Amino acid sequence: MRCRNCGHRIPEGMLYCDVCGQEIQIVPDYNPLDDMLTEQIKVSIDNNGTNDTDYLVYDDARLNQRRDMTRRNTGRTEPGRTASGRTGRTGTTGRTPSGKTGRTGTGRMNTGRKGPVTKEDIRRQRERKRARLKKKRQKVLIMLGIIVASIGAVCFVIYQNSYAGIVRKGYRAINNQEYSTAQEHFKRAIGKNDAKAEAYNGLAQTYVKQSDLNGAEGVFKDAIIKHRKNKDLYKACIKFYIDSEQLLKIPILMDEAEESVREALSEYVVSRPKFSLEADEPFDEVQQLSLDGSGMAMYYTTDGSDPTFSSNKYRGPIKIEEGKTPIKVFAVNDDGIPSVIVEKIYIVEFPIEEAPAVSPSTGQYEDETKIEIKVPDGYSAYYTMSGEDPTTSSKKYTGPIDMPEGETLFKAVLVTDSGRLSGITTRNYMLEMNE
(Lines give C-alpha, C1' and ligand atoms only; values in the text may rest on other atoms or scores of the structure.)
Protein backbone atom coordinates (compact mmCIF):
# COMPACT_ATOMS: atom_id res chain seq x y z
CA MET A 1 0.00 0.00 0.00
CA ARG A 2 1.17 3.53 -0.80
CA CYS A 3 0.48 6.79 1.06
CA ARG A 4 -2.14 8.84 -0.71
CA ASN A 5 -0.44 12.05 0.47
CA CYS A 6 3.26 11.56 -0.42
CA GLY A 7 3.26 8.25 -2.37
CA HIS A 8 5.63 6.52 0.09
CA ARG A 9 5.20 2.71 0.36
CA ILE A 10 3.68 1.86 3.79
CA PRO A 11 4.68 -1.47 5.33
CA GLU A 12 1.86 -3.89 6.07
CA GLY A 13 0.38 -3.42 9.55
CA MET A 14 1.21 0.34 9.80
CA LEU A 15 -1.70 2.74 10.36
CA TYR A 16 0.13 5.92 9.28
CA CYS A 17 2.87 7.02 6.87
CA ASP A 18 6.28 7.13 8.60
CA VAL A 19 7.40 9.95 6.23
CA CYS A 20 4.60 12.52 6.27
CA GLY A 21 2.57 11.15 9.21
CA GLN A 22 -0.62 10.77 7.11
CA GLU A 23 -3.06 8.23 8.57
CA ILE A 24 -4.15 5.29 6.42
CA GLN A 25 -7.78 5.50 5.31
CA ILE A 26 -9.51 2.24 6.19
CA VAL A 27 -13.05 3.16 5.12
CA PRO A 28 -14.05 4.82 1.83
CA ASP A 29 -14.19 8.63 1.61
CA TYR A 30 -17.44 10.17 2.58
CA ASN A 31 -18.78 12.29 -0.24
CA PRO A 32 -21.28 14.87 0.99
CA LEU A 33 -22.38 15.47 -2.59
CA ASP A 34 -24.26 12.17 -2.52
CA ASP A 35 -26.47 13.38 0.35
CA MET A 36 -26.82 16.77 -1.27
CA LEU A 37 -28.02 15.30 -4.60
CA THR A 38 -30.51 13.06 -2.76
CA GLU A 39 -31.77 16.08 -0.83
CA GLN A 40 -32.14 18.09 -4.05
CA ILE A 41 -34.33 15.43 -5.60
CA LYS A 42 -36.43 15.11 -2.44
CA VAL A 43 -36.94 18.88 -2.05
CA SER A 44 -37.79 19.20 -5.73
CA ILE A 45 -40.52 16.61 -5.33
CA ASP A 46 -41.85 18.15 -2.07
CA ASN A 47 -41.98 21.66 -3.60
CA ASN A 48 -43.78 20.37 -6.70
CA GLY A 49 -41.14 21.78 -9.01
CA THR A 50 -41.14 25.37 -7.51
CA ASN A 51 -37.94 27.35 -7.65
CA ASP A 52 -36.93 27.10 -3.99
CA THR A 53 -33.19 27.59 -3.53
CA ASP A 54 -33.24 26.47 0.13
CA TYR A 55 -32.75 22.91 -0.98
CA LEU A 56 -29.14 23.80 -1.73
CA VAL A 57 -28.43 24.51 1.93
CA TYR A 58 -26.06 21.94 3.30
CA ASP A 59 -27.53 19.95 6.21
CA ASP A 60 -24.69 20.10 8.76
CA ALA A 61 -26.51 18.00 11.34
CA ARG A 62 -26.93 15.15 8.80
CA LEU A 63 -23.24 15.28 7.92
CA ASN A 64 -22.23 15.25 11.62
CA GLN A 65 -24.45 12.22 12.16
CA ARG A 66 -22.77 10.38 9.29
CA ARG A 67 -19.30 11.26 10.63
CA ASP A 68 -20.25 10.02 14.11
CA MET A 69 -21.31 6.71 12.58
CA THR A 70 -18.00 6.48 10.70
CA ARG A 71 -16.03 7.14 13.92
CA ARG A 72 -17.95 4.49 15.77
CA ASN A 73 -17.30 1.94 13.01
CA THR A 74 -13.57 2.63 12.80
CA GLY A 75 -12.95 3.30 16.48
CA ARG A 76 -11.20 6.62 15.75
CA THR A 77 -11.86 10.18 14.76
CA GLU A 78 -11.87 11.13 11.13
CA PRO A 79 -8.53 12.50 10.06
CA GLY A 80 -8.51 16.22 9.54
CA ARG A 81 -11.50 16.89 11.82
CA THR A 82 -11.90 17.67 15.53
CA ALA A 83 -13.74 15.48 17.99
CA SER A 84 -16.78 17.71 17.63
CA GLY A 85 -16.94 16.85 13.96
CA ARG A 86 -16.15 20.34 12.69
CA THR A 87 -13.66 20.95 9.98
CA GLY A 88 -10.54 22.80 11.12
CA ARG A 89 -6.88 22.34 11.50
CA THR A 90 -5.81 18.82 12.12
CA GLY A 91 -3.01 17.66 14.37
CA THR A 92 0.13 16.24 12.98
CA THR A 93 -1.64 14.58 10.07
CA GLY A 94 -3.52 17.71 9.01
CA ARG A 95 -0.45 19.77 8.18
CA THR A 96 1.92 19.66 5.28
CA PRO A 97 5.66 19.59 5.90
CA SER A 98 5.64 23.42 5.71
CA GLY A 99 3.22 23.55 8.64
CA LYS A 100 0.35 25.02 6.65
CA THR A 101 -3.05 23.51 6.44
CA GLY A 102 -3.33 21.32 3.32
CA ARG A 103 -5.10 18.07 2.59
CA THR A 104 -7.01 16.44 5.43
CA GLY A 105 -6.61 12.82 6.42
CA THR A 106 -9.13 11.82 3.78
CA GLY A 107 -6.92 13.21 1.03
CA ARG A 108 -9.32 16.10 0.23
CA MET A 109 -8.48 19.79 0.41
CA ASN A 110 -10.04 21.55 3.37
CA THR A 111 -11.45 24.75 1.99
CA GLY A 112 -12.81 25.72 5.36
CA ARG A 113 -16.09 26.54 3.66
CA LYS A 114 -19.39 25.54 5.12
CA GLY A 115 -22.67 26.14 3.49
CA PRO A 116 -24.55 25.36 0.26
CA VAL A 117 -22.95 23.53 -2.73
CA THR A 118 -23.71 25.53 -5.85
CA LYS A 119 -24.71 24.35 -9.31
CA GLU A 120 -21.35 25.58 -10.54
CA ASP A 121 -19.63 23.15 -8.15
CA ILE A 122 -21.74 20.31 -9.51
CA ARG A 123 -21.06 21.35 -13.12
CA ARG A 124 -17.31 21.51 -12.53
CA GLN A 125 -17.30 18.11 -10.86
CA ARG A 126 -19.18 16.63 -13.82
CA GLU A 127 -16.79 18.26 -16.29
CA ARG A 128 -13.80 16.83 -14.43
CA LYS A 129 -15.42 13.41 -14.47
CA ARG A 130 -16.16 13.66 -18.20
CA ALA A 131 -12.58 14.75 -18.85
CA ARG A 132 -11.25 11.74 -16.94
CA LEU A 133 -13.55 9.39 -18.84
CA LYS A 134 -12.52 10.97 -22.13
CA LYS A 135 -8.86 10.44 -21.37
CA LYS A 136 -9.55 6.83 -20.42
CA ARG A 137 -11.46 6.28 -23.66
CA GLN A 138 -8.63 7.81 -25.67
CA LYS A 139 -6.11 5.54 -23.99
CA VAL A 140 -8.31 2.52 -24.62
CA LEU A 141 -8.76 3.48 -28.27
CA ILE A 142 -5.03 3.99 -28.70
CA MET A 143 -4.33 0.60 -27.17
CA LEU A 144 -6.96 -1.03 -29.37
CA GLY A 145 -5.47 0.66 -32.43
CA ILE A 146 -2.02 -0.63 -31.54
CA ILE A 147 -3.37 -4.14 -31.00
CA VAL A 148 -5.32 -4.11 -34.28
CA ALA A 149 -2.30 -2.76 -36.19
CA SER A 150 -0.08 -5.45 -34.67
CA ILE A 151 -2.54 -8.20 -35.53
CA GLY A 152 -2.87 -6.78 -39.06
CA ALA A 153 0.89 -6.72 -39.51
CA VAL A 154 1.22 -10.32 -38.33
CA CYS A 155 -1.63 -11.43 -40.60
CA PHE A 156 -0.07 -9.60 -43.54
CA VAL A 157 3.27 -11.32 -43.02
CA ILE A 158 1.54 -14.70 -42.71
CA TYR A 159 -0.52 -14.06 -45.86
CA GLN A 160 2.50 -12.93 -47.87
CA ASN A 161 4.18 -16.26 -47.14
CA SER A 162 1.05 -18.36 -47.61
CA TYR A 163 0.11 -20.28 -50.77
CA ALA A 164 -2.46 -17.65 -51.79
CA GLY A 165 -0.08 -14.76 -51.08
CA ILE A 166 2.74 -16.28 -53.15
CA VAL A 167 0.37 -17.03 -56.06
CA ARG A 168 -0.85 -13.45 -55.96
CA LYS A 169 2.73 -12.18 -56.15
CA GLY A 170 3.25 -14.44 -59.15
CA TYR A 171 0.30 -12.92 -61.02
CA ARG A 172 1.51 -9.44 -60.12
CA ALA A 173 4.87 -10.30 -61.67
CA ILE A 174 3.10 -11.50 -64.85
CA ASN A 175 1.26 -8.18 -65.10
CA ASN A 176 4.65 -6.46 -64.84
CA GLN A 177 6.04 -8.81 -67.54
CA GLU A 178 8.57 -10.20 -65.05
CA TYR A 179 8.14 -13.78 -66.22
CA SER A 180 11.23 -15.27 -64.57
CA THR A 181 10.18 -13.80 -61.21
CA ALA A 182 6.63 -15.05 -61.76
CA GLN A 183 7.89 -18.58 -62.44
CA GLU A 184 9.89 -18.53 -59.20
CA HIS A 185 6.80 -17.49 -57.21
CA PHE A 186 4.56 -20.15 -58.79
CA LYS A 187 7.14 -22.90 -58.34
CA ARG A 188 7.49 -21.87 -54.70
CA ALA A 189 3.70 -22.07 -54.28
CA ILE A 190 3.69 -25.53 -55.90
CA GLY A 191 6.34 -26.54 -53.39
CA LYS A 192 3.97 -25.53 -50.58
CA ASN A 193 0.99 -27.39 -52.06
CA ASP A 194 1.40 -29.35 -55.29
CA ALA A 195 -2.22 -30.54 -55.35
CA LYS A 196 -3.82 -27.13 -55.99
CA ALA A 197 -4.38 -25.93 -59.55
CA GLU A 198 -3.93 -22.15 -59.10
CA ALA A 199 -0.13 -22.18 -59.13
CA TYR A 200 -0.05 -24.50 -62.17
CA ASN A 201 -2.39 -22.12 -64.00
CA GLY A 202 -0.10 -19.21 -63.23
CA LEU A 203 3.06 -21.10 -64.21
CA ALA A 204 1.46 -22.14 -67.51
CA GLN A 205 0.52 -18.52 -68.19
CA THR A 206 4.16 -17.47 -67.93
CA TYR A 207 4.92 -19.84 -70.83
CA VAL A 208 1.86 -18.71 -72.82
CA LYS A 209 2.94 -15.08 -72.45
CA GLN A 210 6.26 -16.11 -74.01
CA SER A 211 4.50 -18.01 -76.85
CA ASP A 212 5.65 -21.39 -75.55
CA LEU A 213 2.49 -23.52 -75.67
CA ASN A 214 4.46 -26.76 -75.40
CA GLY A 215 6.03 -25.54 -72.15
CA ALA A 216 2.61 -24.57 -70.79
CA GLU A 217 1.14 -27.95 -71.73
CA GLY A 218 4.08 -29.68 -70.07
CA VAL A 219 3.25 -27.96 -66.77
CA PHE A 220 -0.16 -29.63 -66.65
CA LYS A 221 0.99 -33.00 -68.00
CA ASP A 222 3.70 -33.28 -65.34
CA ALA A 223 1.20 -32.36 -62.63
CA ILE A 224 -1.40 -34.87 -63.87
CA ILE A 225 1.14 -37.68 -64.01
CA LYS A 226 1.83 -37.01 -60.33
CA HIS A 227 -1.85 -36.60 -59.37
CA ARG A 228 -3.83 -38.99 -61.57
CA LYS A 229 -7.09 -38.51 -59.64
CA ASN A 230 -7.00 -34.75 -59.16
CA LYS A 231 -9.97 -33.48 -61.17
CA ASP A 232 -9.03 -29.82 -60.55
CA LEU A 233 -5.75 -30.30 -62.41
CA TYR A 234 -7.58 -31.97 -65.30
CA LYS A 235 -10.07 -29.10 -65.41
CA ALA A 236 -7.24 -26.56 -65.42
CA CYS A 237 -5.58 -28.40 -68.31
CA ILE A 238 -8.87 -28.50 -70.24
CA LYS A 239 -9.29 -24.75 -69.75
CA PHE A 240 -5.76 -24.26 -71.11
CA TYR A 241 -6.64 -26.30 -74.22
CA ILE A 242 -9.83 -24.29 -74.74
CA ASP A 243 -8.09 -20.92 -74.27
CA SER A 244 -5.27 -21.94 -76.63
CA GLU A 245 -7.73 -23.38 -79.21
CA GLN A 246 -6.38 -26.92 -78.92
CA LEU A 247 -9.78 -28.55 -78.47
CA LEU A 248 -8.84 -31.81 -80.18
CA LYS A 249 -6.41 -32.55 -77.35
CA ILE A 250 -9.22 -32.61 -74.77
CA PRO A 251 -10.60 -36.05 -75.78
CA ILE A 252 -7.09 -37.52 -75.76
CA LEU A 253 -6.57 -36.20 -72.23
CA MET A 254 -9.92 -37.51 -71.00
CA ASP A 255 -9.53 -40.86 -72.77
CA GLU A 256 -6.42 -41.54 -70.63
CA ALA A 257 -7.97 -40.27 -67.37
CA GLU A 258 -9.07 -42.36 -64.39
CA GLU A 259 -12.72 -43.39 -64.36
CA SER A 260 -13.38 -41.23 -61.28
CA VAL A 261 -12.09 -38.17 -63.15
CA ARG A 262 -14.14 -39.00 -66.24
CA GLU A 263 -17.28 -39.23 -64.11
CA ALA A 264 -16.54 -35.96 -62.31
CA LEU A 265 -15.87 -34.16 -65.63
CA SER A 266 -18.46 -35.98 -67.74
CA GLU A 267 -19.32 -32.78 -69.63
CA TYR A 268 -15.93 -33.09 -71.34
CA VAL A 269 -16.39 -36.75 -72.33
CA VAL A 270 -18.13 -36.96 -75.74
CA SER A 271 -19.44 -40.20 -77.25
CA ARG A 272 -17.58 -41.53 -80.27
CA PRO A 273 -19.30 -41.77 -83.68
CA LYS A 274 -20.58 -45.18 -84.81
CA PHE A 275 -19.92 -46.79 -88.22
CA SER A 276 -22.56 -48.68 -90.21
CA LEU A 277 -19.94 -51.01 -91.76
CA GLU A 278 -17.38 -53.24 -90.12
CA ALA A 279 -13.89 -53.36 -91.62
CA ASP A 280 -12.90 -56.92 -90.77
CA GLU A 281 -13.06 -58.36 -94.31
CA PRO A 282 -12.56 -56.84 -97.79
CA PHE A 283 -15.64 -56.03 -99.84
CA ASP A 284 -15.99 -57.15 -103.49
CA GLU A 285 -18.06 -54.17 -104.57
CA VAL A 286 -18.49 -50.45 -103.87
CA GLN A 287 -19.98 -49.68 -100.41
CA GLN A 288 -22.02 -46.87 -98.79
CA LEU A 289 -20.83 -45.97 -95.27
CA SER A 290 -23.13 -44.18 -92.78
CA LEU A 291 -21.96 -42.48 -89.56
CA ASP A 292 -24.05 -42.03 -86.39
CA GLY A 293 -23.13 -39.17 -84.03
CA SER A 294 -26.30 -39.19 -81.87
CA GLY A 295 -27.36 -35.85 -83.31
CA MET A 296 -23.93 -34.23 -83.00
CA ALA A 297 -21.95 -32.67 -85.83
CA MET A 298 -19.17 -34.86 -87.28
CA TYR A 299 -16.05 -34.12 -89.32
CA TYR A 300 -14.12 -36.74 -91.34
CA THR A 301 -11.32 -37.45 -93.81
CA THR A 302 -10.74 -40.27 -96.35
CA ASP A 303 -7.04 -39.73 -97.11
CA GLY A 304 -5.57 -40.96 -93.82
CA SER A 305 -4.98 -37.48 -92.29
CA ASP A 306 -6.45 -36.51 -88.91
CA PRO A 307 -9.70 -34.53 -89.29
CA THR A 308 -10.07 -31.01 -87.93
CA PHE A 309 -12.93 -28.53 -87.71
CA SER A 310 -12.03 -27.56 -91.28
CA SER A 311 -12.42 -31.10 -92.67
CA ASN A 312 -15.46 -32.52 -94.49
CA LYS A 313 -18.60 -32.20 -92.42
CA TYR A 314 -20.68 -35.36 -92.50
CA ARG A 315 -23.96 -34.79 -94.31
CA GLY A 316 -24.78 -38.24 -95.73
CA PRO A 317 -23.39 -41.69 -96.62
CA ILE A 318 -19.78 -41.90 -97.78
CA LYS A 319 -19.00 -43.92 -100.94
CA ILE A 320 -16.25 -46.50 -100.44
CA GLU A 321 -14.62 -47.12 -103.83
CA GLU A 322 -12.44 -50.01 -104.93
CA GLY A 323 -9.14 -50.14 -103.10
CA LYS A 324 -8.11 -49.12 -99.59
CA THR A 325 -10.05 -46.27 -97.93
CA PRO A 326 -9.19 -45.01 -94.41
CA ILE A 327 -12.04 -43.17 -92.67
CA LYS A 328 -11.25 -40.92 -89.68
CA VAL A 329 -14.04 -39.05 -87.89
CA PHE A 330 -14.88 -37.23 -84.65
CA ALA A 331 -18.10 -35.81 -83.18
CA VAL A 332 -18.64 -32.42 -81.51
CA ASN A 333 -21.19 -31.66 -78.78
CA ASP A 334 -23.17 -28.43 -78.42
CA ASP A 335 -20.41 -26.87 -76.26
CA GLY A 336 -17.82 -27.44 -78.99
CA ILE A 337 -16.05 -30.26 -77.14
CA PRO A 338 -14.90 -32.98 -79.59
CA SER A 339 -14.82 -36.73 -79.14
CA VAL A 340 -11.85 -38.98 -79.69
CA ILE A 341 -10.99 -39.48 -83.39
CA VAL A 342 -12.21 -42.88 -84.56
CA GLU A 343 -10.59 -44.62 -87.55
CA LYS A 344 -11.55 -47.59 -89.71
CA ILE A 345 -9.89 -48.80 -92.93
CA TYR A 346 -12.12 -50.31 -95.61
CA ILE A 347 -10.91 -52.45 -98.52
CA VAL A 348 -12.92 -53.11 -101.66
CA GLU A 349 -11.49 -55.71 -104.08
CA PHE A 350 -13.37 -56.52 -107.26
CA PRO A 351 -13.05 -60.10 -108.59
CA ILE A 352 -10.07 -60.10 -110.97
CA GLU A 353 -9.49 -61.89 -114.23
CA GLU A 354 -7.21 -64.85 -113.87
CA ALA A 355 -5.15 -63.80 -116.93
CA PRO A 356 -5.64 -61.72 -120.06
CA ALA A 357 -6.82 -63.25 -123.31
CA VAL A 358 -4.03 -62.94 -125.91
CA SER A 359 -4.30 -63.85 -129.64
CA PRO A 360 -3.02 -65.47 -131.73
CA SER A 361 -2.08 -68.55 -129.80
CA THR A 362 1.42 -69.96 -129.58
CA GLY A 363 2.78 -71.26 -132.91
CA GLN A 364 4.78 -70.72 -136.14
CA TYR A 365 3.69 -68.04 -138.54
CA GLU A 366 4.82 -67.21 -142.13
CA ASP A 367 2.81 -64.02 -142.79
CA GLU A 368 2.67 -60.69 -140.95
CA THR A 369 0.57 -61.15 -137.87
CA LYS A 370 -0.88 -58.80 -135.19
CA ILE A 371 -0.82 -59.66 -131.47
CA GLU A 372 -3.93 -58.50 -129.57
CA ILE A 373 -4.81 -58.40 -125.82
CA LYS A 374 -8.42 -58.29 -124.67
CA VAL A 375 -8.71 -55.62 -121.94
CA PRO A 376 -11.91 -55.70 -119.80
CA ASP A 377 -13.44 -52.51 -118.38
CA GLY A 378 -11.65 -51.28 -115.28
CA TYR A 379 -8.33 -52.84 -116.36
CA SER A 380 -5.15 -51.85 -118.14
CA ALA A 381 -2.77 -54.27 -119.88
CA TYR A 382 1.03 -54.35 -119.83
CA TYR A 383 3.33 -56.66 -121.83
CA THR A 384 6.91 -57.72 -122.53
CA MET A 385 8.55 -59.56 -125.48
CA SER A 386 11.83 -60.39 -123.73
CA GLY A 387 10.55 -63.21 -121.57
CA GLU A 388 10.39 -61.07 -118.35
CA ASP A 389 7.22 -60.92 -116.30
CA PRO A 390 5.32 -57.70 -117.03
CA THR A 391 4.48 -55.10 -114.32
CA THR A 392 2.99 -51.62 -114.30
CA SER A 393 6.47 -50.41 -115.25
CA SER A 394 6.38 -52.47 -118.48
CA LYS A 395 5.08 -51.22 -121.81
CA LYS A 396 1.37 -50.44 -121.69
CA TYR A 397 -0.88 -52.04 -124.28
CA THR A 398 -2.71 -49.48 -126.41
CA GLY A 399 -3.61 -51.55 -129.51
CA PRO A 400 -2.61 -54.50 -131.74
CA ILE A 401 1.15 -55.18 -131.85
CA ASP A 402 3.14 -56.39 -134.88
CA MET A 403 4.64 -59.83 -134.27
CA PRO A 404 8.40 -59.55 -134.70
CA GLU A 405 10.28 -61.94 -137.03
CA GLY A 406 12.02 -64.84 -135.41
CA GLU A 407 11.23 -66.39 -132.10
CA THR A 408 9.37 -64.19 -129.51
CA LEU A 409 8.35 -64.98 -125.91
CA PHE A 410 5.37 -62.69 -125.33
CA LYS A 411 3.91 -62.09 -121.83
CA ALA A 412 0.90 -59.95 -120.84
CA VAL A 413 -0.84 -58.97 -117.60
CA LEU A 414 -3.99 -57.07 -116.60
CA VAL A 415 -3.93 -54.37 -113.87
CA THR A 416 -6.99 -52.98 -112.09
CA ASP A 417 -7.43 -49.28 -111.38
CA SER A 418 -6.47 -50.00 -107.76
CA GLY A 419 -3.18 -51.57 -108.90
CA ARG A 420 -4.03 -55.24 -108.53
CA LEU A 421 -2.45 -57.55 -111.12
CA SER A 422 -4.05 -60.52 -112.83
CA GLY A 423 -2.30 -63.68 -113.80
CA ILE A 424 0.25 -63.57 -116.65
CA THR A 425 -0.50 -64.97 -120.09
CA THR A 426 2.52 -66.31 -122.03
CA ARG A 427 2.77 -66.90 -125.79
CA ASN A 428 5.72 -68.31 -127.78
CA TYR A 429 5.76 -67.09 -131.38
CA MET A 430 7.95 -68.07 -134.38
CA LEU A 431 7.59 -65.88 -137.45
CA GLU A 432 9.43 -66.94 -140.65
CA MET A 433 8.38 -64.75 -143.57
CA ASN A 434 8.17 -66.34 -147.08
CA GLU A 435 10.48 -64.84 -149.70
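Worth knowing before you read on, the calculation uses all heavy atoms, side chains too, and leaves out hydrogens, waters and symmetry mates. Note that this is a predicted model, so its numbers are computed, not measured.
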Could you walk me through whether Ile345 and Ile327 satisfy the side chain to side chain contact (heavy atoms under 4.5 Å, CB included) test, starting with their C-alpha distance in whole Å, then the side-chain angles of each, then the deciding distance to 0.1 Å, before giving a yes or no? CA-CA 6 Å; Ile345 299 175; Ile327 303 293; over 6 Å; no
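- The two atoms that bring Ile166 and His185 nearest to each other are CG2-O, 3.0 Å, heavy atoms only.
- Going from atom CG of Leu289 over to atom NZ of Lys344 covers 8.5 Å, rounded to the nearest 0.5 Å.
- Contact of the Leu247 side chain with the Ile242 side chain is registered, since non-hydrogen atoms from C-beta on lie closer than 4.5 Å.
- One finds the NZ atom of Lys209 at 7.5 Å from the CG atom of Asn175 (value rounded to the nearest 0.5 Å).
- With Glu127 as the partner, the side chain to side chain contact (heavy atoms under 4.5 Å, CB included) test is satisfied by one option alone out of Arg130, Lys129, Gln125: Arg130.
- In this structure, the side chain of Tyr314 engages the main chain of Leu291 through a donor-acceptor pair within 3.5 Å.
- Figure legend: cation-pi geometry between Lys196 and Tyr163, with NZ or CZ positioned under 6.0 Å from the six-membered ring centre and within 45° of its axis.
- At least one side-chain heavy atom of Gln288 sits less than 4.5 Å from a side-chain heavy atom of Lys319.
- Looking at heavy atoms from C-beta onward, Thr408 lies out of side-chain contact with Leu431 at the 4.5 angstrom threshold.
- Glu258 and Ser260 are not linked by any side-chain donor-acceptor pair at a separation below 3.5 angstrom, with hydrogens and angles left out of the test.
- When all heavy atoms of Val332 and Met296 are compared, the pair lying nearest together is O-CB, 3.2 Å.
- Aromatic ring centres of Phe186 and Tyr179: separated by at least 6.0 Å.
- Counting only distance, with no hydrogens or angles, the side chain of Thr425 and the backbone of Pro356 share a donor-acceptor pair below 3.5 Å.
- Surrounding NZ of Lys374 are at most 12 heavy atoms belonging to other residues, nucleotides or ligands under 6.0 Å away.
- The shortest heavy-atom contact between Ala297 and Lys313 is CB-CE, 3.9 Å.
- In this structure, CD on Glu245 lies 10.5 Å from CZ on Phe309, to the nearest 0.5 angstrom.
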Would Thr118 and Glu120 count as a side-chain hydrogen bond (donor to acceptor under 3.5 Å, both in side chains) here? Give the steps. CA-CA 5 Å; Thr118 65; Glu120 183 65 19; over 6 Å; no
Give the C-alpha distance, both sets of side-chain angles, the deciding distance and a yes or no for side chain to side chain contact (heavy atoms under 4.5 Å, CB included) between Tyr299 and Thr308. CA-CA 7 Å; Tyr299 297 87; Thr308 66; over 6 Å; no
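- Under a 3.5 Å cut-off, the side chain of Tyr397 and the backbone N or O of Val375 do not form any donor-acceptor pair.
- Using a 4.5 Å heavy-atom threshold, the side chains of Leu421 and Tyr382 count as separate.
- Proximity of the aromatic rings of Tyr383 and Phe410 is defined here by a centroid distance below 6.0 angstrom, and this criterion is met.
- A donor-acceptor contact closer than 3.5 angstrom links the side chains of Tyr241 and Glu217.
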Please test Val270 against Phe330 for side chain to side chain contact (heavy atoms under 4.5 Å, CB included), starting from the C-alpha separation and ending with a verdict. CA-CA 9 Å; Val270 180; Phe330 68 86; over 6 Å; no
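- Looking at Lys328, its side chain does come within 3.5 Å of a backbone N or O of Gly304 through a donor-acceptor pair.
- A pairwise comparison of heavy atoms in Phe220 and Leu233 identifies CD2-O, 4.4 Å as the closest pair.
- Using a 4.5 Å heavy-atom cutoff, the side chains of Val358 and Ile371 are in contact.
- Inter-residue side-chain proximity for Tyr365 and Pro360 is flagged as met; some heavy-atom pair is nearer than 4.5 Å.
- Note: Gln138 CD to Lys135 NZ = 8.5 Å, rounded to the nearest 0.5 Å.
- Side chain of Asn333 to main chain of Asp335: a donor-acceptor pair is present (N/O by atom type, distance under 3.5 Å, no hydrogens or angles).
- For the pair His227 (side chain) and Asp194 (backbone), a donor-acceptor distance under 3.5 Å is present.
- With Asn176 contributing its side chain and Arg172 its backbone, the two residues share a donor-acceptor pair below 3.5 Å.
- The CZ atom of Phe350 lies 9.0 Å from the OG1 atom of Thr416; values are rounded to the nearest 0.5 Å.
- For the residue pair Ala355 and Ser422, the shortest heavy atom distance occurs at CA-OG, 4.1 Å.
- Atom CD of Gln177 has 12 or fewer neighbouring heavy atoms from other residues, nucleotides or ligands inside a 6.0 Å radius.
- The two residues Thr301 and Ser305 come nearest to each other via the heavy atoms OG1-O, 2.5 Å.
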Decide side chain to side chain contact (heavy atoms under 4.5 Å, CB included) for Glu432 and Gln364; before the verdict, give the C-alpha distance in whole Å, the side-chain angles of both, and the deciding distance to 0.1 Å. CA-CA 8 Å; Glu432 294 180 349; Gln364 292 183 349; 5.6 Å; no
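- A distance of 8.5 Å separates CG in Asp303 from OG in Ser311, rounded to the nearest 0.5 Å.
- Around CD of Glu368, the count of heavy atoms belonging to other residues, nucleotides or ligands within 6.0 Å does not exceed 12.
- With contacts defined as side-chain heavy-atom distances shorter than 4.5 Å, the pair Glu321/Val348 does not qualify.
- Counting heavy atoms of neighbouring residues, nucleotides and ligands inside a 6.0 Å radius, atom CD of Glu267 exceeds 12 of them.
- Side-chain atoms of Gln287 come within 3.5 Å of backbone atoms of Glu285 as a donor-acceptor pair (strictly under, hydrogens ignored).
- In this structure a side-chain-to-backbone donor-acceptor pair under 3.5 Å is missing from Tyr171 to Ala182.
- Counted within 6.0 Å of CZ on Arg262, heavy atoms from surrounding residues, nucleotides or ligands total more than 12; the atom is thus considered enclosed.
- In Gln210, the CD atom is crowded: over 12 heavy atoms of neighbouring residues, nucleotides or ligands sit closer than 6.0 Å.
- Lys134 has its side chain within reach of Arg137: a pair of non-hydrogen atoms, C-beta onward, lies under 4.5 Å apart.
- Looking at Thr391, its side chain does come within 3.5 Å of a backbone N or O of Ser393 through a donor-acceptor pair.
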